[in-house]
Amino acid sequence: MAEFQQIRAFLRDPTCRIPHPDHIGLGPELDGEIFESVKPGLSAYVDQPEKGAETVKGLLKMAKEAVPRSHWKETPVVLKATAGLRLLPEPKAQALLSEVREVFEESPFLVPNNSVSIMDGSSEGGSWEGGSGTYKLYTHSYLGFGLKAARLATLGALEMKAVDGQMFRSSCLPKRLEAEWHFGGVRYQYGGNREGETGFEPCYSEVVKVVQGKLHQPDEIRRRSFYAFSYYYDRAVDTDLIDYEKGGVLEVRDFERKAKEVCDNMDRYTSASPFLCMDLSYITALLKEGFGFGDNTLLQLTKKVNNIETSWALGATFHLLQSLGLSH
């Protein structure tokens, strides 16, 4: 929750259960989704935790309007904070979470244990079987490999306390660039390598250090095709690899080709995000060196699957329902 807060209400028939991995049946079905967001995110209230919690009340009001009153007591509500809070000093982050927890406890919804937390690195995996064959659902949490955390890691700023006047530089950024980035309550100054190299090769050497040897690479999924969304989708749209509304199918090599084009011609992309070269190079390294995908691995880029917005929140919801005993 770095730049905005969001609420997603996933609506489903309460009489239906999410299938257990060992049970035969169709996958989980959702009746619909309600999405709402507010700016700024919780981390912006680092010194005003009570005010931050007040913004959550507005999101809960939206949830009350979306969920029938008769189901409030059996509808779990959770807050999963991401990089914005994770990068705050521990006492300040916990103060924010404590205030939000109080707001949850005062709501009419079901409040599970650990309902308000910063996302950890836990992982869940399994398989769902259908009557016409076996469908494998693989999920794994790759903590710290989101796009914004990756930018800080590439700049060498992730584990450092930024101080006024300290400049973080990278060959992934335009040479003459000098700018500021406010993230997680911290002001970072960053810029390009004025004297050193720029371009895809030196940039890739930087980003590959962020992922190489640090991710789980399951052998059984390397040769399959995948759905990709979030920043994969956004950067593919930004560079005209896919259509914004329709999405598209790409191979891993397409991201690498576009990364080379952008990084080796950064002057042509001055109107785009200054992080475009870094982001594309990171995505390439994450797919190839991190996940171990081949150049020809297919990626289905989409915003929705069966009219439901694709996001990490949807996967987290399935896991939550299973953990609450709603899976059989």
Side-chain angles (χ1 to χ4, degrees), residues 1-18 28-120 122 124 139 141 143 184-185 307-328:
M1 287 189 164
E3 296 178 350
F4 63 91
Q5 299 174 61
Q6 59 176 293
I7 184 168
R8 290 185 183 272
F10 296 108
L11 310 177
R12 71 184 184 94
D13 185 341
T15 64
C16 295
R17 300 295 187 186
I18 291 180
E29 294 185 5
L30 297 176
D31 295 323
E33 174 201 38
I34 303 297
F35 174 80
E36 185 64 39
S37 65
V38 296
K39 292 185 178 183
L42 273 181
S43 60
Y45 301 97
V46 57
D47 295 316
Q48 300 173 296
E50 298 90 352
K51 190 174 180 180
E54 283 295 318
T55 65
V56 176
K57 288 184 179 180
L59 293 174
L60 286 177
K61 182 180 179 182
M62 297 292 299
K64 289 169 69 175
E65 294 173 357
V67 179
R69 179 183 291 267
S70 58
H71 295 312
W72 285 355
K73 291 184 178 180
E74 60 194 56
T75 300
V77 58
V78 298
L79 179 142
K80 296 294 183 182
T82 53
L85 259 68
R86 195 160 56 238
L87 295 175
L88 293 180
E90 178 71 11
K92 291 183 178 292
Q94 289 304 319
L96 275 165
L97 296 181
S98 178
E99 292 293 334
V100 172
R101 195 172 293 110
E102 287 189 20
V103 170
F104 274 19
E105 294 289 351
E106 294 170 358
S107 81
F109 295 111
L110 172 64
V111 182
N113 292 332
N114 202 31
S115 61
V116 180
S117 63
I118 297 174
M119 289 189 70
D120 60 23
S122 62
E124 289 294 325
T139 64
S141 174
L143 180 67
N307 293 320
I308 301 297
E309 191 84 19
T310 52
S311 71
W312 62 263
L314 181 57
T317 299
F318 288 152
H319 174 52
L320 170 67
L321 294 177
Q322 287 182 338
S323 69
L324 294 176
L326 300 176
S327 59
H328 26 230

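Starting from 1, each residue takes its place in the sequence as its number. Note that this is a predicted model, so its numbers are computed, not measured.
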Test of understanding: with side-chain contact (heavy atoms from CB on, under 4.5 Å), list the residues that count as partners of Glu90, not counting sequence neighbours. Gln94

Counting distance only, does the side-chain N/O of Ser98 pair as donor-acceptor with the main-chain N or O of Ala95 below 3.5 Å? no

Going by the rule side-chain contact (heavy atoms from CB on, under 4.5 Å), which residues pair with Lys64 if we only count those two or more places apart in sequence or in a different chain? Trp72, Pro108, Phe109

Mind checking salt bridge (charged side-chain N to carboxylate O under 4.0 Å, His left out) for Lys92 and listing every partner two or more places apart, or none if nothing turns up? Asp47

Which residues pass the side-chain hydrogen bond (donor to acceptor under 3.5 Å, both in side chains) test with Ser117, not counting sequence neighbours? Lys80

Any idea which heavy atoms bring Leu96 and Pro49 closest together, and the distance? CD2-CA, 3.6 Å

Over all heavy atoms of both residues, which pair between Pro112 and Leu110 is shortest? Give the atoms and the distance, please. CD-O, 3.4 Å

Sequence-distant partners of Lys57, salt bridge (charged side-chain N to carboxylate O under 4.0 Å, His left out), two or more places apart: Glu54

Nearest heavy-atom approach of His71 to Val67 is CB-CG1, 4.1 Å

Between Leu42 and Gly52, what is the shortest heavy-atom contact and its length? CD2-O, 3.5 Å

Report the residues that fulfil side-chain contact (heavy atoms from CB on, under 4.5 Å) with Glu50, sequence neighbours left out, ordered by chain and then residue number. Glu99

Residues Leu79 and Leu97: closest non-hydrogen pair is CD2-CD2, 4.1 Å

For a quick test of reading the model, state the closest non-hydrogen atom pair linking Ala93 to Ile118 and the distance between them. CB-CD1, 4.1 Å

Show the numbers, then the answer: is there a side-chain contact (heavy atoms from CB on, under 4.5 Å) between Phe104 and Arg101? CA-CA 5 Å; Phe104 274 19; Arg101 195 172 293 110; 5.5 Å; no

